Structures are given as structure tokens and as C-alpha cells.
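Step one of this worksheet: look at the structure below.
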Amino acid sequence: MRVSKWMSPKVVTLQPTDSISTAIHLMKEKRIRRIPIVNESGKLVGIVSDRDLKDVSPSRATTLDIWELHAVLDKLKISDVMTKKPWTVTPETPIEKAAALMLEKRVEGLPVLDDKGNLVGILTEGDVFRALVDITGAGKKRTRVTLVIPDRAGSIREVADTVRAQGGTIFSILSSTSKVPAGKRELVMRVEGLVPEALRVELMKSWSGVAVETD
């Protein structure tokens, strides 16, 4: 699955010369948490988040009255606080690679640029969560199967063959070597069309850590 399937194609943007006050009002109006910043040619030059704006806004303990406060915010420009050269992805970037980038760089949104450098969308952490739910099938009532298998070629196929032999249809398969013994792999499957308890009994004959539950 690619970023193009999950990104928001309608992007709200501002320019570096716009005021902090404008950005604050726009985020509240559109209910968004980040705004890509483009120059007069429409090219991406930065991004500003609600966190950036909170960091520069005077605290509630300020001695400024409301009019003075607005005057200060109007004088500050987005170019003063925006993150320059933000991390980006393309529409063809795999969604899992984009998620890994967001986790590694600790960012909650990625502008999406086409092959000509044009801003064509934005991918947020909410979009990534939606993709995860869709990929895993967690949003639908199915049987969730977890077990620990040997980390070797063909082991996943063996489990899949057992599920199919029980009359099950497999909708998703995920695996991980995190927090399991060396040489092992945790397998998570979502299946349909079988008797959960019968499948659990059959799987326990060959594998450990078996759990079968219906959402």
C-alpha cells in the first residue's frame, strides 16, 4: 500500500511571510495541527505545527493585555518558527516506510511531494493509524490468531495450511521477531469461517503461545 491511498490531498498552506496569528486562527478554523509552508512559486519551504506555535506564544502569565498580545503575534512571522527542509515522502512511498520515518524522526506529519517537487498532499499520524487498522483487518469482526513459530522458511505457510484445513479464510498475516525467544517469530493472523476452539486445539499440537479469540 502506498502513501497516495492514505494521504490527505487537499492541503491547507501558508507562506513564510504570514503571521503567527494567522497560523493559529487557521489551525483552529480547520481543526488541523500542522501547516506546510510554501513560497510564492508554491514550492515547499517548511512546515509549522501547533507545538511550534505554542512554544513561541506568550504564556498565560504574561503581563501583556489581549491587544498587546495580538500585536506581538501579528509581528512574528511563520518564517521565524517553521521547521525548514522538513522530512517528506512521495505518493509512491510504501505506507510502512512512511510510518517508520515518522517514528524515527519523531514527526507527526509528512508533506507529500510528486516527482517534480510539487506539494500534492500531507500524511498524518491519523492517516497511518487508519492504514494500520485496514491492513490488519482490526476494524471488522473476525477471529484473531496469535502463536509463536520457528523463524525459518516455510513456517508461516505451515500455519496457513492448518488454518485452511480447518475451513478458514485468511484476511491478514503479520509477524514480528520483537520480544520473542531467539530463533522464534510471533505470528498474528485474522481469519474467518471456522470454529475458533477447534483451530486452537489443532494449532497447539505443533506450536506454542497459541491464542484464538473473536473480536
Side-chain angles (χ1 to χ4, degrees), residues 1-16 18 20 22-55 78-79 81-142 144 146 156 160 169-179 185-192 215:
M1 292 187 178
R2 308 291 177 177
V3 165
S4 57
K5 181 175 180 179
W6 302 102
M7 69 181 191
S8 301
K10 296 181 180 180
V11 189
V12 176
T13 64
L14 288 173
Q15 293 190 351
D18 287 320
I20 297 298
T22 299
I24 293 173
H25 289 309
L26 190 57
M27 284 187 183
K28 289 182 178 179
E29 177 187 351
K30 301 296 183 181
R31 296 184 178 180
I32 54 179
R33 296 175 58 187
R34 61 200 57 81
I35 301 176
I37 309 304
V38 299
N39 60 21
E40 294 180 354
S41 301
K43 295 296 183 180
L44 182 73
V45 294
I47 191 169
V48 66
S49 70
D50 57 350
R51 185 180 304 172
D52 297 326
L53 301 181
K54 289 176 183 177
D55 287 343
I78 291 177
S79 58
V81 299
M82 71 181 187
T83 298
K84 300 177 181 178
K85 297 181 180 180
W87 296 100
T88 65
V89 290
T90 72
E92 294 304 309
T93 301
I95 190 68
E96 64 272 20
K97 185 175 180 179
L101 179 63
M102 293 170 73
L103 181 63
E104 177 188 355
K105 303 304 179 182
R106 297 183 180 182
V107 295
E108 299 176 348
L110 294 168
V112 184
L113 307 181
D114 64 15
D115 55 4
K116 295 181 180 179
N118 297 315
L119 181 65
V120 294
I122 188 166
L123 183 77
T124 69
E125 57 183 359
D127 298 324
V128 173
F129 291 152
R130 288 192 299 109
L132 176 63
V133 170
D134 183 80
I135 292 171
T136 61
K140 297 183 179 179
K141 188 174 182 179
R142 289 180 179 136
R144 183 178 189 269
T146 60
I156 295 178
T169 298
I170 300 171
F171 286 90
S172 68
I173 300 178
L174 299 173
S175 69
S176 171
T177 56
S178 177
K179 298 183 179 180
R185 176 176 293 274
E186 183 179 23
L187 187 66
V188 180
M189 309 174 73
R190 287 191 177 272
V191 302
E192 195 173 78
D215 293 334

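Predicted model, so just to flag it, every value in this text is computed and none were measured.
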Would you tabulate the side-chain donor-acceptor contacts of residues 91-105 under 3.5 Å, counting partners in other chains and residues two or more places apart, or write 'none'?
residue : atom : partner : partner atom : Å
T93     : OG1  : T90     : N            : 3.0
T93     : OG1  : T90     : O            : 3.2
T93     : OG1  : T90     : OG1          : 3.2

Distance-minimising heavy-atom pair for [X] and [Y]:
| X | Y | answer |
| --- | --- | --- |
| M27 | L53 | SD-CD1, 3.7 Å |
| S178 | S176 | N-OG, 3.0 Å |
| P86 | G46 | CD-CA, 3.7 Å |
| P36 | V12 | CD-O, 3.3 Å |
| I170 | M189 | CD1-CE, 3.4 Å |
| I32 | I35 | CD1-CG1, 3.8 Å |

Measure the shortest side-chain to side-chain distance between [X] and [Y] over non-hydrogen atoms and say whether it is less than 4.5 angstrom.
| X | Y | result |
| --- | --- | --- |
| I78 | Q15 | no |
| L14 | L26 | yes |
| S8 | T124 | no |
| M1 | D134 | yes |

Check each of I20, I37, D52, I47 against M82 using the side chain to side chain contact (heavy atoms under 4.5 Å, CB included) test, and report the only one that passes.
I37
If only atom types and distance count, is the side chain of R190 paired as donor or acceptor with the main-chain N or O of T136 below 3.5 Å?
yes
Do other residues, nucleotides or ligands put more than 12 heavy atoms under 6.0 Å from K43 NZ?
yes
With E192 via salt bridge (charged side-chain N to carboxylate O under 4.0 Å, His left out) - residues at least two apart:
R142
My understanding is that only residues two or more places apart in sequence, or in another chain, count here; which of them pass salt bridge (charged side-chain N to carboxylate O under 4.0 Å, His left out) with E125?
R33
Should V128 and W6 be marked as a side chain to side chain contact (heavy atoms under 4.5 Å, CB included) after you check the CA-CA gap, both sets of side-chain angles, and the distance that decides it?
CA-CA 7 Å; V128 173; W6 302 102; over 6 Å; no
Euclidean distance, N118 CG relative to L113 CG, rounded to 0.5 Å
8.0 Å
